[in-house]
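Report on one structure; see the data block that follows.
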Amino acid sequence: MDSSTPPLPLLGGIILTREGLTGLLLPGLSVLACLIATVIASLILIPYFNDPYKLRAYPGPFLAKFTSAWISWTISHNPISEIVDHLHRQYGPIVRLGPNNVSIADPSGSAFSVIYSHSSGVTKSAFYDTFANFRIRNIFNTRDRAEHSRKRRVEAHMFAPQSIRALEETARVHFQVLLRQWDAMCAHAEKAGRGRADGAIGAVPWKVHGGRVWFNCMIWFSYWSFDTIGDLAFGHPFGMLETGKDVAQIAKSNARGMQAIAQGTSDSEKATLELVDIPAIEVLTARADALFVVAYLPPWAQKIVGRLPSFRSGYAAAPKLAGMAVAAVANRLASQYDRADMLSKLLQGRDEDGKPYSPEELSAEAWVLIIAGGDTTANSSCALTYHLARNPRVQAKLQAELDAALDGIDSDVAPYDAVKDLPYLDAVINEGLRLHSTVGGGLPRVVPAGGLTVLGQHLKEGTVVSSPIYTLHTNEVVWGENAHEFYPERWLEASADAKKEMMRSFVPFSAGPRACLGRNLALQQLHVMFATIFRRYSFALENDAQLTIQESFVRKPKNCFVGVQRRK
Ligand code: HEM
C-alpha cells in the first residue's frame, strides 16, 4: 500500500484504498451507463423504429420525432401557437410535434371540422390530466365521454341564452366600478393639463403626460373579469376592482371548506370558514405557465420536472386555487342572499338519475368558471383594446357608430340590447378574437378505435391530433394578404361565399361537443365592455408599442400600457 494514499474508512469490515474504490466505481458507472442506454433505447429509439402510430412519414422538427421533451422545451420558449404556425409554413399541412402527436392545419378549416366534430369520436388527450385540481374531474378536463355528457346536461340550463341575459344587471355593477376608477385617473389628467403627474390606485400605478393618463390596462381587465365572474358565479366579487389589488380569499383548509359546503347545501346550521388572502391572478398565472410546459410529457417525467425549483411554485398553487373555489362556494352558500346566479343553477342541476352535484363536484365546476371565465375574457379585452388604441381610424369609426346608437340612452354602461347587433362593433370584436386568438394552440385529441381520416390521411387509434386555431385564424388563403393586420372591414366587405369560408375558419371558441360553454356570456361581456369604454374614452399607444404575449393555455398579453382620455 502506497503510504501517500491513506486507507478509507471501514465499510462492512473491509478497508478500502483509493485504487480499490476506483475498481468498485468503474463497474458501477458502466452499469449506470448501460442502464441509461437501455432507458433511452426503450423509451426513445425502439418506439421510433417500431413506429406504432405510423407517423414516420410526416415531417417535423428532428427531436420531436423521438421525444415529447421537444414540445415542452418549445412551449417554455413561447409562444407555441406562433411556433407551430411557422412549422406549418415550413413543412405543410401535417407536422409531427411528438412521437405520437401530429398537428394538422389546412386553410379551409376542413381538418379542424373533422377532428373536433361530434362524429369524429375523438376524446381529450392525457394533456388535460395535468389540469385536474380536484379528485373529481370538471367539465373542462374530464376525458370520459359519458361523464362529460352528464355534466353538460346538468349545466345546460346555466349557460342557456336566457340565463346569461339574466346576468346582465349583476355584471353592470362591475362595469360601473371600472368606470369610476378610470374616471378618477382621467380627472388627474384633466387637472394636470399638459403637465405631468403620477400616482396609484391600490397597487396599480398611473402616470399623466400629454393630456392623457397612462396605465397598464391588462391589470384592470383582469380585476374586472375576476370580480365579475366571482360575482356572477358565487354572488361574491373578489373586490379587486375596488381595492386595485390582486387579492382573493381562499379557504385555509380545503377539508373544512368541503364540510362547510356540505352544511350549506343541507340547510343545516351554516359553518363558519377561516379564510386567508392570496394574490389569485399571480398564483393562477404561475400554475398555468408551469402546467402547460409539462402537460405533453408522460406522467413519470412530469413528476421529475415538477420537482425542479422553477416549477415548484406553479405546482404548489394547485391546493390554493382549489381553496379559492371551495371558499367561494362555501361563502355563497353561507350567505342568506338567494338570487338566480350561476351557482344557484349549478345547485339546481340534476343528472338523469335526479342526483345533484356533490360538494366536491360543485367546487370543481365552480373552479372551471373562475378559470375559464376570468382569464379568457380579460386577455381578449386587453388584446382588443391594444388593437383599437393602435388604429385611430378604426377607433374613430367605432366611436361614431356607438355615439349614434347610444344617443339619448341615459346610462354610462351600454345596455346589451342597444349594442348587440351593431355591425361595426361586431366586426371589431370578431377581428380581435381572430387576430389575437385567445386560445391559439391546437387542442389535443386522441384518435378513437378504428382510426380517423383527416385530409385523406388515415391516423391510427391512439394518435394525438390537433388543429391549431392561431394558424387557422391567420392563413392568407382565407384572410388575404393582410391576414396579420387588424382590419374589421373584412367582416363587412366579404361576399356571401367569402364570408362562409371565413366562418368555417373562425373558431375562437372551438367547435363540436367540447366547444366553449361560456361563448354567450363572453360575447355579451365583450359587447358591453367595448361599447361602454370606447364611447366614454379615447385610447392611445406610445411609440407604436408591440404586444408581447406569454402563452400557456391562453395567450396572455404581458403588459399593455395605454393613454386614456375622457371623451364625454
Ligand atoms: C373570450 C372568451 C373565451 C374564449 C376565447 C374561450 C375559448 C374556449 C375554448 C377554445 C374552449 C375549448 C377548450 C378545449 O377544448 O380544450 C373553451 C372551453 C370552455 N369554456 Fe370558454 N372561452 C371564453 C370564455 C368563457 C367563459 C366566460 C366561460 C364561463 C364562465 C367559459 C367556459 C368554458 C367551459 C366550461 C369550457 C369547457 C367546455 C367543455 O369541455 O364542454 N369560457 N373555451
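Starting from 1, each residue takes its place in the sequence as its number.
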Specify the closest pair of heavy atoms between I139 and R514, including all atoms of both residues, with the distance to one decimal. O-NH2, 2.8 Å
Measure from the side-chain N and O atoms of S113 to the backbone N and O of G109, and report whether any donor-acceptor pair falls under 3.5 Å. yes
For the pair M342 and F159, evaluate side chain to side chain contact (heavy atoms under 4.5 Å, CB included) and give the outcome as yes or no after the intermediate values. CA-CA 8 Å; M342 295 177 98; F159 287 107; 3.7 Å; yes
Hey, are the side chains of L369 and L346 touching, using non-hydrogen atoms and a 4.5 Å cut-off? yes
Passes salt bridge (Lys or Arg N to Asp or Glu O under 4.0 Å), D351 versus K151? Steps please. CA-CA 8 Å; D351 63 16; K151 284 177 186 284; over 6 Å; no
Could you go step by step and tell me if S380 and T438 meet the side-chain hydrogen bond (donor to acceptor under 3.5 Å, both in side chains) rule? CA-CA 6 Å; S380 306; T438 309; 2.8 Å; yes
Geometric cation-pi criterion K124 and F140, 6.0 Å radius, 45° cone: yes
Looking at every heavy atom in both V114 and S117, which two are closest together, and how far apart are they? O-OG, 3.1 Å
With rounding to the nearest 0.5 Å, note down the distance linking CG in L472 to OG in S108. 8.0 Å
In terms of heavy-atom contacts, E485 and E431 come closest through O-OE2, 3.2 Å
Between F131 and F127, what is the ring plane arrangement, given parallel below 30°, perpendicular above 60°, and tilted in between? tilted
Residues F553, T376; criterion side chain to side chain contact (heavy atoms under 4.5 Å, CB included); working and verdict: CA-CA 10 Å; F553 195 81; T376 46; over 6 Å; no
How long is the gap from CG on N475 to OH on Y470, to the nearest 0.5 Å? 11.5 Å
Side chains of T385 and L388, heavy atoms from C-beta outward: is any pair under 4.5 Å? no
Could you tell me the separation between the NZ atom of K460 and the NZ atom of K54, rounded to the nearest 0.5 Å? 5.5 Å
So, taking the atom named CG in L435 and the one named NE2 in H387, what distance separates them when rounded to the nearest 0.5 Å? 4.0 Å
Residues V439, S510; criterion side chain to side chain contact (heavy atoms under 4.5 Å, CB included); working and verdict: CA-CA 9 Å; V439 177; S510 187; over 6 Å; no
Using modelled atom types and a 3.5 Å cut-off, is there a donor and acceptor pairing between side-chain atoms of D353 and backbone atoms of K355? no
Going by heavy atoms in the side chains, are R390 and F486 under 4.5 Å from each other? no
Side chains of P444 and N101, heavy atoms from C-beta outward: is any pair under 4.5 Å? no
If we ignore hydrogens and angles and just use 3.5 Å, is the side chain of H473 paired with the main-chain N or O of G440 as donor and acceptor? no
Can you tell me if S81 uses its side chain to pair, donor with acceptor, with the backbone of G441 under 3.5 Å? no
Do any N or O atoms from the side chain of S467 and from the backbone of I104 form a donor-acceptor pair under 3.5 angstrom? yes
Side-chain donor-acceptor contact under 3.5 Å, H88 with T471: no
CZ/R519: more than 12 non-hydrogen atoms of other groups inside 6.0 Å: no
Of all heavy-atom pairs between P488 and A427, which one has the smallest distance, and what is that distance? O-CB, 3.5 Å
Answer yes or no: is there a side-chain heavy-atom contact under 4.5 Å between L384 and V428? yes
Side-chain touch L63/W73, heavy atoms, less than 4.5 angstrom: no
Indicate the atoms forming the closest heavy-atom contact of L55 with P99, along with that distance. CD1-O, 3.6 Å
Aromatic ring pairing W479/F506, orientation class (parallel under 30°, perpendicular over 60°, tilted between): perpendicular
Heavy-atom closest contact (D246 atom, I281 atom, distance): OD1-N, 2.9 Å
Given salt bridge (Lys or Arg N to Asp or Glu O under 4.0 Å), test R504 with E501 step by step and report yes or no. CA-CA 5 Å; R504 264 203 304 272; E501 220 181 300; 5.4 Å; no
Keeping D227 on the side-chain end and F238 on the backbone end, is there a donor-acceptor pair under 3.5 Å? yes
D144: partners by side-chain contact (heavy atoms from CB on, under 4.5 Å), with sequence neighbours left out: T142, A146, E147
Is S552 reaching over with its side chain to a backbone N or O of T285, donor-acceptor style, under 3.5 angstrom? no
Residue pairs passing the ring-ring contact (aromatic ring centres under 6.0 Å, His included) test where at least one lies in residues 91-113, sequence neighbours excluded: F112-Y116
Is any side-chain heavy atom of V102 closer than 4.5 Å to a side-chain heavy atom of V465? yes
Tell me if a side-chain donor or acceptor on N379 pairs with a main-chain N or O of D375 at a distance below 3.5 Å. yes
Nearest 0.5 Å, what's the OG1-CZ distance between T474 and R89? 5.5 Å
Steps toward side chain to side chain contact (heavy atoms under 4.5 Å, CB included) verdict (I115, S466): CA-CA 7 Å; I115 295 167; S466 60; over 6 Å; no
Measure the spacing between CD of E352 and CZ of R153 and express it to the nearest 0.5 Å. 4.0 Å
If we ignore hydrogens and angles and just use 3.5 Å, is the side chain of R490 paired with the main-chain N or O of N482 as donor and acceptor? yes
Does C560 reach the side chain of L547, with side-chain heavy atoms less than 4.5 Å apart? yes
Can any side-chain N or O of H86 pair as donor or acceptor with the backbone N or O of E82 at less than 3.5 Å? no
